[in-house]
Amino acid sequence: MSLSLIIFVIMLFLMPSMMPPTLPFGVRVPHARISDPTILKVRSNYRFMLSLATVLMVIASAVLGHTLIPTLTLGVSTALFIVLSYVCYYVAHRRLRRLKERENWYEDQQQAAVTVLEQPRWTGRALWPWIIPPLVVTATTILIGVWRYPSLPARMPNYYSMSNFYSANGAPHTWVARSVWSVFSPVLLQMAQIVVAIAMVLIMPRIRRELDPANPDGSAHQQRVFRRRMAFVYMIFALSLNTTVLLDSLFIWGLARRAGVGLIIGLWAFPTLAAMIVAVIFYRTGQLGARVSVSQPPAETGLTYRDDDRYWKGGWFYVNRDDSSFFVAQRFGFGWTINFGRPAAWIVVAAGVIPTVLLPLFLTVHG
Amino acid sequence: MQLVIDFASDKSMYLQIRDQIVEAIAGGALEQGAALPSTRQLAADFGINFHTVNKAYDLLRQEGFIELHRKRGAVVRVAKPVESDFLDQWMLRQRTLLAELLAKGEASEAILDRCAKLLQSLGKRGT
């Protein structure tokens, strides 16, 4: 089982401890109820169920491993695990929501929304340098490709055929004719990462912060730290992906041997190291900086977050037409998700999903 | 400086926003020429409808507290003498407020004292 998957499973186990205290399992609770004993019980139940799901996944992959090729086994068991882990989350979520409604936790609570006006406002300009490392890798890939292009054979291994990378002796099965497209199409993946990185630097400062009404300045500080670290995490992800593409390309362009040490280190160790770094950063930061320490909060404002659970369908999808925000913070996980109540969200989803799903299909067929 | 929307309050949201911005300008937390967030940005920050913030900003502009520029957006207006119609309206409102306390039997000096204290508390914020 891949190490990255193990890290993913561990993160899911730790996830409840990494969310803001007012958001156990995607349920908004008032500050007064943060330490309610039921929340802890629900948390242990979640972890127990998640252990069962993990065991099921291991069994499934052992069973499937006999009949399917390794990639497919990994894919299917991961998909199974993702579905099961969502069920674990939803069970916990539902239980807490019911409890909150039954015991009327929001009675007598002063619900508020707070924002802090900073002068000057954080523009995120300091994030731009993070784009440089993945950009350098992309440029290197292009340069090497251009240099190597004339000496490439007329027939090359098909980049998009997964079986090429998992065949027994490393000899490619499927081939493709040399052309600018077949040689440089992987670079598109790299450039897509750069585009997303740029979009992130431009958009992140404008995403609402959802400051804690009980401690606005403290949570503003946590959010600043969180956003800087998220930009860094994305840079690591982009760098890792682009480097993987570079190394794959070196193999395809005949510059590296399949079983070469460099390739093994690059294709396995580098992404795994990246996953570990990202996991550590998330662990120490928490969602929205929940685990970043703040100095003693000032006198309690007596205010608490508004109870907006009704907009979170299935505890997962945010749908609120009245909310001007496009990006909102995820309730269980790191980073942000989209407000599906805004029409533009569906356009973005279509624009994101269609190329991601159709493009590889198209390329595999035509490659 | 903080802007708070109290969802349980009887005061409508756009008035809460408007009042807090006026107080912020009075106290110096928002200086003359300071830029306010765009309507969309502020609405997103609060998680409320864009039109609510728009209403607040529009009211502030009509009353002469802020100016809306094409490029810079909403900006706290630079000090000018108070417009006479605004002053007239204000005097009418103040007259009613003072009458309320007098009607309840409060003495003039006590009322002036309260007013002095309020002015002091407004001025201290943000300096």
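Every value quoted in this text rests on a predicted model; they were computed, and no experiment measured them. To find a chain, count down the sequence lines: A is the first, B the second, and so on, and within it residues start at 1.
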Practice prompt. Dump the intermediate steps for side chain to side chain contact (heavy atoms under 4.5 Å, CB included) on A:Q110 and B:D6, then the final yes or no.
Written response: CA-CA 7 Å; A:Q110 234 186 326; B:D6 183 350; 3.0 Å; yes
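- Atoms CG and CD1, on A:L303 and B:I5 in that order, are 12.0 Å from each other to the nearest 0.5 Å.
- Ranked by heavy-atom pairs shorter than 4.5 Å toward chain B, the options A:T115, A:D323, A:I207, A:L211 are led by A:T115.
- For the pair A:D322/B:I48, no side-chain contact is recorded, criterion being any heavy-atom separation below 4.5 Å from C-beta on.
- For the residue pair B:Q41 and A:R206, the shortest heavy atom distance occurs at NE2-O, 2.9 Å.
- With a 6.0 Å radius and a threshold of 12 heavy atoms from other residues, nucleotides or ligands, A:Y283 has its OH atom at or below the threshold.
- The main-chain N or O of B:A44 is found under 3.5 Å from a side-chain atom of A:S325 such that the two form a donor-acceptor pair.
- Side chains of B:L3 and A:V114 form no contact here, defined as non-hydrogen atoms less than 4.5 Å apart.
- The choice from B:A43, B:S38, B:G47 that makes the most heavy-atom pairs within less than 4.5 Å of chain A is B:G47.
- To the nearest 0.5 angstrom, B:F7 atom CZ is 8.5 Å from A:D308 atom CG.
- Within the 4.5 angstrom heavy-atom criterion, atoms from both the backbone and the side chain of B:Q2 approach chain A.
- In A:K313, the NZ atom is crowded: over 12 heavy atoms of neighbouring residues, nucleotides or ligands sit closer than 6.0 Å.
- Closest approach of B:F50 to A:S324, counting heavy atoms only: CB-OG, 3.1 Å.
- At a 4.5 Å heavy-atom cutoff, the contact between B:A8 and chain A is made by backbone atoms alone.
- Residues A:R306 and B:F46 come closest through the heavy atom pair NH2-O, 4.3 Å.
- Other residues, nucleotides and ligands contribute at most 12 non-hydrogen atoms within 6.0 Å of the CH2 atom of A:W346.
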